[in-house]
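Notes to accompany the following structure.
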Amino acid sequence: MRKTYTVRELCEILGVSRSGYYASKQSTGSKRALEEQVIVKEIRSIHAHRHMKAYGSPRMTKELNDRKIPCGRHRVARLMRENGIVIRRRKAFRPRTTQVDKKARIAPNLLAATHAPEA
């Protein structure tokens with residue numbers, strides 16, 4: 001909109017001082033925002049290379065702390081959520097009673113061989 005309006009007019013409309021506008025334009029971000037960028041970069045690195053993307057926030061926090069990047073589990077969970085970093089959950093173990101593998105042997109039905117009870 002700077003082609004149509006001057007910076008002075010835009011600052012008046014938005015209720016921002018001109019010095020504040022120019023200060024925010026030069027600013028690289030807060031210390032915390034810069035730390036979080038580093039943390040997210042490390043999270044992406046760990047997520048891409050470790051154990052088939054199965055690290056959740058507790059394990060991810062431990063890994064980051066081992067790499068000398070201090071942070072808490074809730075912060076890591078929030079950053080993972082905000083950046084769309086999702087773990088791949090393991091499939092739940094359910095014992096199979098039918099033959100899934102052709103090499104697997106099924107136990108013989110011993111009850112079929114018995115006779116009906118007499119009254």
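Just so you know, these numbers use all the heavy atoms, side chains as well, and skip hydrogens, waters and symmetry mates.
Among the candidates Glu42, Arg73, Arg59, the single residue satisfying the side-chain contact (heavy atoms from CB on, under 4.5 Å) test with Leu64 is Glu42.
Summarising the local packing, CZ of Arg78 is surrounded by more than 12 heavy atoms from other residues, nucleotides or ligands at distances under 6.0 Å. Atom OH of Tyr21 has more than 12 neighbouring heavy atoms from other residues, nucleotides or ligands inside a 6.0 Å radius.
Atom CD1 of Ile43 and atom OG of Ser57 lie 9.5 Å apart (nearest 0.5 Å). Here the CZ-NZ distance, from Arg89 to Lys53, works out to 15.0 Å after rounding to the nearest 0.5 Å. Between the OH atom in Tyr55 and the NZ atom in Lys62 there is a gap of 8.5 Å [rounded to 0.5 Å]. Here Glu36 contributes atom CD and Asn83 contributes atom CG; the two are 9.0 Å apart, rounded to the nearest 0.5 Å. Atom CD1 in Ile46 sits 10.5 Å away from atom CD1 in Ile39 (nearest 0.5 Å). With values rounded to the nearest 0.5 angstrom, Glu12 atom CD is found 11.5 Å from Ser17 atom OG.
Side-chain atoms of Lys41 and Val38, non-hydrogen and from C-beta on, never get closer than 4.5 Å to each other. Within the 4.5 Å cutoff, no side-chain heavy atoms of Glu63 are placed close to those of His47.
The minimum heavy-atom distance linking Asn65 with Pro70 is given by the pair OD1-CA, 3.5 Å. Closest approach of Arg8 to Arg18, counting heavy atoms only: CA-CD, 3.8 Å.
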### Task
Kindly indicate, with the supporting measurements, whether the criterion side-chain contact (heavy atoms from CB on, under 4.5 Å) is fulfilled by Arg75 and Glu35.
CA-CA 11 Å; Arg75 184 179 190 185; Glu35 286 175 1; 3.4 Å; yes
